Amino acid sequence: MIQIKVPATSANIGSGFDSLGLAVRMYNTVEMELWDGVLVEALDSAPIPTDEHNLIYKTAKYLFDLCGKPLPGLHIRQENVIPMARGLGSSSACIVAGLTGANLLMGEPLTREDIINMAATMEGHPDNSTPAILGGQVTAAIENGKVFYCRQELKDDLRFAAIIPDSELKTSQARAALPKEVTHKEAVFNLSRSALMAVSLATGKYENLRVASQDRLHQPYRLPLIPGARQVMDCALEFGALCVYISGAGSTLMALVPAQNDSFFRHLRCYLDTAGLAAWRLELLEPDNTGTVVEVRP
Ligand code: HSE
């Protein structure tokens with residue numbers, strides 16, 4: 001039995017649409033072994049397909065087919081701690097687990113770079129899948145199916161407050177809300193801030209994060225799809241967040257908070273409870289600098 005542990009990710013980091021992402025210490029765990037037929041077990045109450053439509057199975061089968069190896073079937077046990085359709089990389093985690101597991105079961109015909117490229121191509125953009133594999137903060141661009149990236153460690157003086165609404169937002173819906181074209185001015189606004197974000201996180205120049213997270217490419221169009229988000233973001237800043245942005249395609253909002261701020265969680269929880277948003281979850285997460293971890297069990 002192979003066990004694969006994949007971290008949650010937070011893509012875009014505000015201004016770096018489809019190019020910046022980071023990993024946090026919240027994990028999906030998948031166990032996988034060759035089986036006669038398809039047997040998928042959910043180890044929690046997450047509503048996942050338990051037949052050949054399961055994303056982990058489909059991804060693994062795709063890789064077996066690509067390598068020309070017959071797949072008799074798989075036994076998959078999956079624990080889905082990363083909430084689905086909330087902008088925390090749950091699909092990426094399944095794709096990475098499927099590719100990593102299938103690769104190991106076939107005797108590792110693929111390199112890690114192959115898996116990085118394939119996961120980004122399947123996902124459509126590299127900003128969730130690459131940090132899910134490598135951990136840390138990743139800046140990435142994809143060209144002709146190859147991911148060009150830089151990875152840097154996230155410092156331990158930051159905490160990531162995932163503010164998770166009770167409603168889903170499908171990536172397809174969040175992408176459909178985007179304009180087909182933007183102006184030159186808007187493009188410059190974002191590229192300056194996304195470059196600033198990557199370097200400010202690397203150097204610990206956190207006073208830049210508020211400006212660096214500003215965005216004109218996606219957040220203004222997605223915010224109306226998350227009722228209450230604007231007010232929550234304002235409160236997060238008031239309670240000491242360095243920046244707050246829509247995580248990935250949403251619906252989660254991610255606030256970056258100094259690790260020594262010990263009142264942020266209490267204040268924001270209190271706000272959510274009194275503002276009619278008691279069903280929203282608030283998770284204070286540490287950075288993940290490890291990425292996907294595999295354990296082979298006898
Ligand atoms: N960069 C992507 C988006 C992340 O914002 O649509 C979703 O996977």
Side-chain angles (χ1 to χ4, degrees), residues 6-24 26 28 55-56 59 80 82-99 116-134 136-143 147-151 160 162-165 167-182 186-187 189-191 193-195 197-198 201 212-226 229 233 243-254 256 288 291-292:
V6 189
T9 51
S10 180
N12 300 328
I13 322 186
S15 52
F17 182 68
D18 279 0
S19 60
L20 300 184
L22 54 85
V24 288
M26 171 191 271
N28 274 8
L55 183 54
I56 299 172
T59 308
N80 303 279
I82 308 171
M84 289 191 247
R86 297 295 200 289
L88 288 168
S90 64
S91 321
S92 261
C94 289
I95 290 171
V96 169
L99 291 174
I116 288 171
N117 296 336
M118 206 169 283
T121 304
M122 292 178 88
E123 176 74 7
H125 19 78
D127 50 343
N128 273 321
S129 53
T130 317
I133 295 166
L134 300 175
Q137 191 270 307
V138 171
T139 304
I142 186 163
E143 187 169 283
V147 179
F148 295 81
Y149 64 87
C150 281
R151 176 204 175 276
F160 299 82
I163 311 160
I164 310 172
S167 55
E168 297 187 339
L169 182 52
K170 296 245 183 283
T171 299
S172 51
Q173 190 194 346
R175 289 187 89 86
L178 305 181
K180 296 270 173 293
E181 291 176 2
V182 295
E186 287 164 331
F189 184 95
N190 266 72
L191 72 84
R193 283 159 178 77
S194 60
M197 176 58 81
L201 283 174
S213 64
Q214 291 170 345
D215 155 73
R216 300 250 166 105
L217 298 186
H218 69 111
Q219 296 193 134
Y221 308 98
R222 289 172 164 176
L223 269 177
L225 305 177
I226 313 169
M233 289 170 95
C243 69
V244 57
Y245 60 88
I246 298 178
S247 182
S251 53
T252 293
L253 309 173
M254 188 65 88
L256 273 53
D288 173 285
T292 297

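All figures in this text were calculated on a predicted structure; none of them were measured in a lab. Atoms within each ligand, like the ligands themselves, are counted from 1 in listed order.
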To check your reading of the model: name the closest protein heavy atom to atom 3 (C) of ligand 1, its residue, and the distance in Å. Arg175 NH1, 3.1 Å
Can you name the atoms of ligand 1, numbered from 1 with element, that are less than 4.0 Å from a heavy atom of Asn12? 1 (N), 3 (C), 5 (O)
Applying a strict 4.0 Å limit to heavy atoms, is Arg222 in contact with ligand 1? yes
By number and element, which atoms of ligand 1 are closer than 4.0 Å to a non-hydrogen atom of Glu123? 8 (O)
Test item: Ile226 and Pro165 side chains (from C-beta on) under 4.5 Å apart, heavy atoms: yes
Enumerated ligand 1 atoms positioned under 4.0 Å from heavy atoms of Phe17: 3 (C), 5 (O), 6 (O)
Which residue owns the protein heavy atom closest to atom 2 (C) of ligand 1, what's the atom, and how far is it? Asp18 OD1, 3.2 Å
Atoms of ligand 1 under 4.0 Å from any heavy atom of Asp127, numbered from 1 in the order shown, are 1 (N), 2 (C), 4 (C)
Go through it in stages, so that I can follow the logic: the residues are Leu201 and Ile13, the test is side-chain contact (heavy atoms from CB on, under 4.5 Å), and I'd like the CA-CA distance, side-chain angles, deciding distance and then a yes or no. CA-CA 11 Å; Leu201 283 174; Ile13 322 186; 4.1 Å; yes
Closest to atom 8 (O) of ligand 1 by heavy-atom distance, out of Asn128, Ile246, Leu88, is Asn128
Output the list of atoms in ligand 1 that are nearer than 4.0 Å to some heavy atom of His125, sorted by atom number. 2 (C), 4 (C), 7 (C), 8 (O)
Under a 3.5 Å distance rule, please check whether Glu143 uses its side chain to pair with a backbone N or O of Phe148 as donor and acceptor. no
Below 3.5 angstrom, do we get any N/O pair linking Thr171 and ligand 1? no
For a quick test of reading the model, state the closest non-hydrogen atom pair linking Ala120 to Ile142 and the distance between them. CB-CD1, 3.8 Å
For the backbone of Ile82 and the side chain of Asn28, can you confirm whether one donor and one acceptor N or O come within less than 3.5 Å of each other? yes
Grab the two heavy atoms, one from Thr292 and one from Ala132, that are nearest each other, plus how far apart they are. OG1-O, 2.8 Å
Taking only heavy atoms of Gly248, which atoms of ligand 1 are found under 4.0 Å from at least one of them? 5 (O)
Check each of Ser10, Ser213, Ser15 against Tyr245 using the side chain to side chain donor-acceptor pair (under 3.5 Å) test, and report the only one that passes. Ser10
With no hydrogens and no angle check, is any side-chain donor or acceptor of Arg175 less than 3.5 Å from a backbone partner on Gln173? no
